[in-house]
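Quantities reported herein were computed from a predicted structural model and do not represent experimental measurements. Scope of the values below: all heavy atoms of this structure, side chains included, with no hydrogens, waters or symmetry mates.
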Number of protein chains: 2
Amino acid sequence: MASARQHTGQAADPSTPARPTGRDVARHAGVSQATVSLVLGGKWQGRVSSRTAETVRAAAEDLRYRPNLAARHLRLGRTRTALLVVPALSNDFFSRVHAGAARVAREHDLGLVLYPSPEGIAPAPDPFESTPATLDGVIASSMAPEALAALHGDLPLVMLDSDPAGTRAAATVNPDIADGMRRVAEHLLALGHRRIAHVSASVGSWTFHHRARALAQALAGTSASLVCTERSALTVAGGLRAATRALATDPRPSALVCDDDLLAAGACKAARRHGYRIPQDVSVTGFDDLDLATALEPELTTVRLPAEEVGATGMRALIGVLEGRQPDTALLPVALARRGSTGPAAGQRSPGAETG
Amino acid sequence: MASARQHTGQAADPSTPARPTGRDVARHAGVSQATVSLVLGGKWQGRVSSRTAETVRAAAEDLRYRPNLAARHLRLGRTRTALLVVPALSNDFFSRVHAGAARVAREHDLGLVLYPSPEGIAPAPDPFESTPATLDGVIASSMAPEALAALHGDLPLVMLDSDPAGTRAAATVNPDIADGMRRVAEHLLALGHRRIAHVSASVGSWTFHHRARALAQALAGTSASLVCTERSALTVAGGLRAATRALATDPRPSALVCDDDLLAAGACKAARRHGYRIPQDVSVTGFDDLDLATALEPELTTVRLPAEEVGATGMRALIGVLEGRQPDTALLPVALARRGSTGPAAGQRSPGAETG
DNA sequence: CTGAAAGCGCTAACAA
DNA sequence: TTGTTAGCGCTTTCAG
């Protein structure tokens, strides 16, 4: 019947020469389409003569054949593709996480699609509505739990920089946030700081709650006290305002511990507007060690997170889940980068404050 | 024949209850699978009774049905998905470009996949090797032409912040880089600067070549001269080194024009290490108006690029191409952000240098 | 207004 | 060693 093709509804478009299919390659090489599939899929060992295989490869090259992924995905029922959900793009932490995850994905021949949860739009609209590919698994970094609510329940999920408890994640990979805060606190204590203010991020993700808790714990039972906590949106301008409030405390704090380098940058601006020098009059610490930390002057003392390692470990965990293994939670070590924004608490007005 | 199913090679896996298909929905609703497709595809008006449509929707909801995209893509021959290729992730310019493109994509029900060309690995490995989805089109921003060489020749391509001539792009969308540099030059001239150094990015993309050319042209025929050009990798540390060299010129330049805010941040550090105050002793300008520009102190005078608009316009252009229209090249206006890093060229040692 | 059927390009089981 | 064939889930035409 001549009507065989009219069912498809595909207009024959002569302007775009149809992209070659496996059948075209087969015809060109004088073999069957199945042989093409075997050869190009690398499973021809002991099933196809190497001469034929060569012919097929030549034909594919010749026609500039590229397999149709949609067809492959349909047939296989999997796509070998993972989604990485992050709350923001222009942030080295996430770009480093992505780099690590992408490297491991490449090594395992997996695709990785990056989904920046639309900033400002909260909570994230269903990532899967707008994600074009079918996915085998999801990695989510530093996301507030609500933002993941739309997440399709039956996909393997690995969470990064997130609450290890109480989620439906198959695995969690975290930098040791608490240890980072502890190191910050110890560093400041060793420099003689006793009045410490916390510039905290008003973001609903676990990582910031955890930072606040860790700071409080690290200071508890020491001779230093947390004189105030000022919350702010995660921006330089917000950090400036919050730090301005913190510096208005009387007697003023000698050190500002910030939840993030962006906030710390704002804190530095605030200190200077008050006429304070950094670090002689006030010390400032950041968190994350973004590129920004060393772009500032003085450079920020901050906590270096193993972002690439977090991404890589997370991807390995997801691969484990996909292969049916039961990966466990990982906690990766962090480091304190001591730089110019912290110094001895010299000019304290009230020397013998606490004696505990 | 009972063998009908054993051909598929899909092991019946009781642990993962197979995801429901359109047939399941049809069965559940007591209609045919075609009806399901029509209803859920929104093309049922005047073909299916609204009562049936409602039943189908309920059944789909009930089973938590999600259409299999691979099957749809295979059937349709298109994926309604575009790829956005950028040279780096952690850079507001690109994240803003992405935001603009993603917004327009959403409005048109298109998917957008972000492909950060692996930094450090140059030129980019074939994006299509690692891109999981089949693509309908590509948008590339600020890429060196070689890095796009692997690009599959028959995909519609829109280029952003790139050479409008001599490429195979269907359209080009650029911020008016040359005008930006002109404004920088005029601003410095008006402040009395006559000895200007250029801290340029040693990156092979059109945008930086264009910036250098525009600066030279803007200065030509004025009383000011370009005393030197120091090239550097696109990092703060690189900017510091290049600016250090530039400041060693004798007599020294009174202003450092940088190709990018990152370089400008480095230039500021270099100036301070020389003991120069900004802007009293030396003025510094950036380009791009990254968040970094206002995180620094003093804040950078820089060129604000309409990044979101670039992304949005680029996506609209791609949609135009996909729909068979012939979009043309766009040039979007930029603005000079005058801030604290530039000031009058007061303390010039050699007052009457040129008199042209 | 609804159902039957074809076929997108690929993979893998099976036959030859 | 190679070919034949079924079928993944969907959209769309055509018949009823």
Side-chain angles (χ1 to χ4, degrees), chain A residues 1-13 18-27 29-56 60 63 65-80 134, chain B residues 1-13 18-27 29-56 60 63 65-80 134:
Chain A
M1 296 291 147
S3 66
R5 212 143 232 281
Q6 82 194 46
H7 287 286
T8 72
Q10 317 246 34
D13 182 351
R19 155 180 168 145
T21 75
R23 273 171 77 129
D24 296 325
V25 176
R27 209 164 10 236
V31 299
S32 83
Q33 195 266 330
T35 306
V36 172
S37 180
L38 285 177
V39 171
L40 268 35
K43 311 186 199 282
W44 58 280
Q45 309 283 11
R47 333 239 289 97
V48 176
S49 73
S50 43
R51 220 168 46 74
T52 312
E54 202 37 62
T55 317
V56 169
L63 300 177
Y65 168 73
R66 322 224 52 176
N68 180 318
L69 293 185
R72 173 181 301 178
H73 294 164
L74 175 57
R75 178 65 240 245
L76 294 179
R78 320 161 268 119
T79 56
R80 298 191 64 73
T134 317
Chain B
M1 297 289 150
S3 66
R5 213 142 230 282
Q6 81 194 46
H7 287 285
T8 71
Q10 318 248 31
D13 180 354
R19 158 179 168 147
T21 75
R23 272 171 78 130
D24 296 326
V25 176
R27 209 163 9 235
V31 298
S32 83
Q33 194 265 331
T35 307
V36 172
S37 180
L38 286 177
V39 171
L40 268 34
K43 309 187 201 282
W44 57 281
Q45 307 284 10
R47 333 238 288 96
V48 176
S49 74
S50 43
R51 219 168 47 73
T52 312
E54 202 37 62
T55 317
V56 168
L63 300 177
Y65 168 72
R66 320 223 54 175
N68 180 319
L69 293 185
R72 175 180 300 178
H73 294 164
L74 175 57
R75 177 65 238 247
L76 260 23
R78 330 161 259 118
T79 56
R80 298 193 64 74
T134 316

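Partners of B:Thr52 according to the side-chain hydrogen bond (donor to acceptor under 3.5 Å, both in side chains) rule, which considers only residues two or more places apart in sequence or in another chain, are B:Ser49. With sequence neighbours excluded, the residues satisfying side-chain hydrogen bond (donor to acceptor under 3.5 Å, both in side chains) with B:Arg27 are B:Asp24. With sequence neighbours excluded, the residues satisfying side chain to side chain contact (heavy atoms under 4.5 Å, CB included) with A:Leu40 are A:Val36, A:Val56, A:Arg57, A:Ala60, A:Tyr65.
Here the nucleotide nearest the side chain of B:Asn68, chosen from D:dC10, D:dT11, D:dT4, is D:dC10. The side chain of A:Val31 approaches D:dG3 more closely than any other nucleotide in the set D:dT2, D:dG3, C:dG9. For B:Val48, the side-chain atoms get nearest to C:dT2 when compared with the rest of C:dT2, D:dG3, C:dC8. When distances run from any side-chain atom of B:Leu76 to the nucleotides C:dC1, D:dC10, D:dT11, the shortest one goes to D:dT11. Set against C:dC8, D:dT4, C:dC1, the side chain of B:Arg75 has C:dC8 as its closest nucleotide. Listed candidates were D:dG9, C:dA5, C:dT2. Nearest to the side chain of B:Thr52 is C:dT2.
For the pair A:Leu40 CG and C:dC10 P, the interatomic distance rounds to 9 Å; values are reported in whole Å. Here the P atom of nucleotide D:dT2 and the CD atom of A:Glu54 are 13 Å apart, to the nearest Å. Atom CZ in B:Arg27 sits about 14 Å away from atom P in C:dG3, given to the nearest Å. One can place CZ of A:Arg51 at 13 Å from C1' of D:dT2, the figure rounded to the nearest angstrom. The distance between atom NZ of A:Lys43 and atom C1' of C:dT11, rounded to the nearest whole Å, is 9 Å. In this structure, the OH atom of A:Tyr65 is 6 Å from the P atom of C:dT11, given to the nearest Å. Between the C1' atom of D:dC8 and the CG atom of B:Leu69 lies a distance of 14 Å, rounded to the nearest Å. The distance from atom CG of A:Leu74 to atom C1' of D:dT11 is 13 Å, rounded to the nearest whole Å.
For the OP1/OP2 pair of D:dC8 and a distance below 4.0 Å, the side-chain nitrogens and oxygens of B:Thr21 include no atom meeting the criterion. A close approach under 4.0 Å does not occur between any side-chain nitrogen or oxygen of B:Ser37 and OP1 or OP2 of D:dG9.
In terms of position along DNA chain D, the nucleotide closest to A:Leu38 lies nearer the 5' end than the nucleotide closest to the other residue of the pair A:Leu38 and A:Gln33. In terms of position along DNA chain C, the nucleotide closest to B:Ala34 lies nearer the 5' end than the nucleotide closest to the other residue of the pair A:Thr35 and B:Ala34.
Under the 3.5 Å distance criterion, the side-chain polar atoms of A:Arg80 are left unmatched by any main-chain donor or acceptor of A:His73. Distance alone, capped at 3.5 Å, is enough to place a donor-acceptor pair between the B:Arg19 side chain and the B:Arg66 backbone. Side-chain atoms of A:Thr55 come within 3.5 Å of backbone atoms of A:Arg51 as a donor-acceptor pair (strictly under, hydrogens ignored).
Taking five base pairs at each end of the helix from C:dC1-D:dG16 to C:dA16-D:dT1 and finding the rotation axis that steps the C1' atoms of four pairs onto the next four gives two axes whose angle is 50°, to the nearest 10°.
Contact record, B:Ala70 with A:Leu74: CB-N, 3.7 Å, taken as the closest heavy-atom pair.
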